[in-house]
Amino acid sequence: MRSHYCGGINESHIDQDVTLCGWVHRRRDHGGVIFLDLRDRDGIAQVVFNPEAAESFAIAEKVRSEFVIQVSGRVRRRPAGTENNTMVTGQVEVVCHEVSILNAAATPPFPLDEHVDVGEDVRLRYRFIDLRRPEMLKRLRFRSRVTSYMRNFLDSNGFMDVETPILTRATPEGARDYLVPSRTHEGSFFALPQSPQLFKQLLMVSGADRYYQIAKCFRDEDLRADRQPEFTQIDIEASFIDEEGLMGLTETMMRDLFREVMQVDLPEFPRMPYAEAMRRFGSDKPDLRIPLELVDVGELVANVDFKVFAGPARDPKGRVAALRVPKGGELTRKQIDDYTKYVGIYGAKGLAYIKVNELSKGAEGLQSPIVKFLGDEVALAVVERAGAEDGDIVFFGADRATVVNEALGALRVRIGHDMNLLTREWAPLWVVDFPMFEETPDGGLTPIHHPFTAPACTADELAAAPAAALSRAYDMVLNGTELGGGSIRIHDATMQSTVFRTLGIDDEEAQAKFGFLLDALKYGCPPHGGLAFGLDRLIMLMTGASSIRDVIAFPKTQSATCLMTQAPGVVEDKQLKELHIRLRRSALTSAGDAATDGAKPQG
Ligand code: ASP
């Protein structure tokens with residue numbers, strides 16, 4: 001139906017006849033001449049209708065925004081002075097000699113102009129129109145280039161693409177499962193995969209050797225800004241390989257990808273142990289573009305009368321840390337109050353600070369509500385430890401170590417952005433030497449990655465001191481975002497059982513839940529490992545999109561619904577019966593409220 005894409009018309013087509021198809025982006029009537037901006041996936045072309053071509057002109061008069069039309073005409077240079085240098089097609093226009101309306105369009109719910117601010121709810125409700133906006137389509141195409149690049153890279157490195165089941169059993173990655181009731185097995189449920197973890201490991205047992213998949217994963221979590229209930233991973237696994245092999249290969253893939261699709265040369269990826277990342281940056285995904293660091297001051301304040309500091313300083317699970325902000329002395333009371341509120345989100349009960357006005361005056365040169373509690377000597381000592389100079393401010397966190405790390409870690413990033421401290425555009429790194437487990441609030445242990453991650457010690461050592469054990473896991477981090485993570489896996493049945501037992505999963509439960517894995521480990525499982533990249537987050541970072549929803553064609557809202565299809569929706573009573581499910585009364589009421597489009601359940 002067409003000879004060219006609208007966005008592909010340029011000076012090389014002058015005097016040629018072309019046929020374009022697309023949507024009417026804008027219509028302008030100019031003293032008897034009608035101009036249509038015709039838009040398709042590739043861009044916008046200007047089409048001119050002269051009154052002499054009466055039939056076409058009459059049609060052009062009728063068309064409205066978002067009508068779908070087909071136009072044939074001749075390309076010519078735009079008259080001098082009317083060129084548009086901001087448009088790829090801005091030097092030329094198409095003089096129409098034939099036009100037909102392929103479909104009319106109702107007035108769109110919002111204009112497709114990039115300058116118009118439209119509420120996200122409306123955009124998501126009419127996603128099919130929202131995606132017509134050039135910047136949205138551009139992101140989708142970019143995403144497609146990235147996946148096709150990765151496929152090529154992995155294919156040419158001997159990886160094979162294997163699909164794994166969506167209807168499966170729970171795969172523990174630390175989130176809640178999405179469950180699907182079985183019709184044929186009353187009372188039984190499938191779980192949607194939180195990741196293809198176990199299947200990719202089983203493929204290694206099968207001898208597949210190198211696997212990848214662009215895999216949909218499902219996690220029923222309370223959503224934060226960068227999470228979606230269903231998301232996509234570039235999932236990778238390989239046999240007879242160690243961490244060096246896997247990190248080397250995937251680092252090369254990432255570096256080549258950035259060069260290929262963004263013309264960006266990523267620097268070398270430094271490796272940083274988890275403990276160092278937490279100590280210096282309060283985070284296991286430090287943003288190394290920001291030149292601020294946390295400094296421990298616990299032993300300097302352990303003996304002061306000020307309980308707020310001395311308490312956590314003496315508590316083995318506590319931490320007292322300082323964050324020096326060069327030139328932070330300029331921060332206003334209001335800004336400091338805002339930062340205090342901000343760290344409150346992370347559980348910090350306050351935000352102590354010392355402004356360093358003039359160090360040569362000793363404690364006199366410090367300005368702070370806490371100096372009187374710390375005493376002059378200690379106040380000067382912590383300021384010195386933080387490396388502060390005249391004009392700086394030093395913030396403090398004193399609490400459980402987890403709270404201090406989260407709060408000061410987040411504050412560090414926030415101030416880095418607020419004060420424009422970023423030293424470079426891209427800062428990748430590997431975080432390594434993770435602990436195997438972390439403590440749960442009830443004193444139990446939970447895996448930091450997943451329970452199939454190999455420890456960096458023997459099974460006996462692990463059983464003796466699980467909390468101290470390190471794992472063979474690695475995370476790739478870019479600009480403070482975890483791009484992906486993985487590990488060398490347990491390939492030995494005894495080790496796997498030890499890990500299950502450490503997690504409080506007894507042999508019977510392990511057999512019931514993961515019997516197939518324990519079996520597979522007995523039948524000649526090769527050493528293997530892998531990792532998975534979060535595709536959505538990667539695309540978000542590469543395109544500079546402000547929300548993960550902007551790089552997913554049909555995303556869910558923050559409350560895990562689809563505003564366009566109204567999913568999740570209520571279902572017919574008959575379907576529920578087939579699934580052997582009866583709803584509780586409270587569910588009936590709220591389901592009826594939430595999804596007004598669905599059929600109402602009866603009784
Ligand atoms: N399955 C892991 C995850 O989804 C990644 C991996 O260990 O390969 O985070």
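Numbering of ligands and ligand atoms starts at 1, following listing order.
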Salt bridge (charged side-chain N to carboxylate O under 4.0 Å, His left out) filter on D242, not counting sequence neighbours, yields none
At under 4.0 Å between heavy atoms, what of R219 touches ligand 1? The answer is side chain
Requested in this report: Kindly confirm or rule out an N or O of R489 lying under 3.5 angstrom from an N or O of ligand 1.
Outcome: yes
TODO: Give a yes/no verdict on whether any heavy atom in Q233 is under 4.0 Å from an atom of ligand 1.
DONE: yes
Keeping the roles fixed (side chain from T561, backbone from A567), state whether a donor-acceptor pair exists under 3.5 Å. no
Note: ligand 1 atoms sitting under 4.0 Å from heavy atoms of K200 are 6 (C), 8 (O)
So the atoms of ligand 1 within less than 4.0 Å of a heavy atom of E173 turn out to be 1 (N), 2 (C), 3 (C), 4 (O), 9 (O)
ask   = Given Y474 and F434, is the ring-ring contact (aromatic ring centres under 6.0 Å, His included) satisfied, shown in steps?
value = CA-CA 7 Å; Y474 33 80; F434 283 86; 9.0 Å; no
Of D161, L154, L203, the one forming a side chain to side chain contact (heavy atoms under 4.5 Å, CB included) with Y211 is L203
A cation-pi test, strictly: NZ or CZ of R414 under 6.0 Å from the centre of the six-membered ring of Y342 and no more than 45 degrees from its axis. Yes or no?
yes
The atoms of ligand 1 lying under 4.0 Å from a heavy atom of G486, numbered in the order shown, are 6 (C), 7 (O)
Would you check the N or O atoms of S487, main chain and side chain alike, for any that come under 3.5 Å of an N or O of ligand 1? no
Contact region, H450 to ligand 1, non-hydrogen atoms below 4.0 Å, reads side chain
of all protein heavy atoms, closest to atom 5 (C) of ligand 1 is G485 O, 3.4 Å
Q.
What I want to find out is whether R489 reaches E243 closely enough, with some N-O distance under 4.0 Å, to be called a salt bridge.
A. no
Smallest heavy-atom separation, C525 atom then A520 atom, equals CB-O, 4.1 Å
Any heavy atom of H449 under 4.0 Å from ligand 1? The part involved is neither
Under 4.0 Å between a Lys/Arg side-chain N and an Asp/Glu carboxylate O for E135 and R139? no
Short version for E482: what comes under 4.0 Å of ligand 1, heavy atoms counted, is neither
Any heavy atom of S195 under 4.0 Å from ligand 1? The part involved is side chain
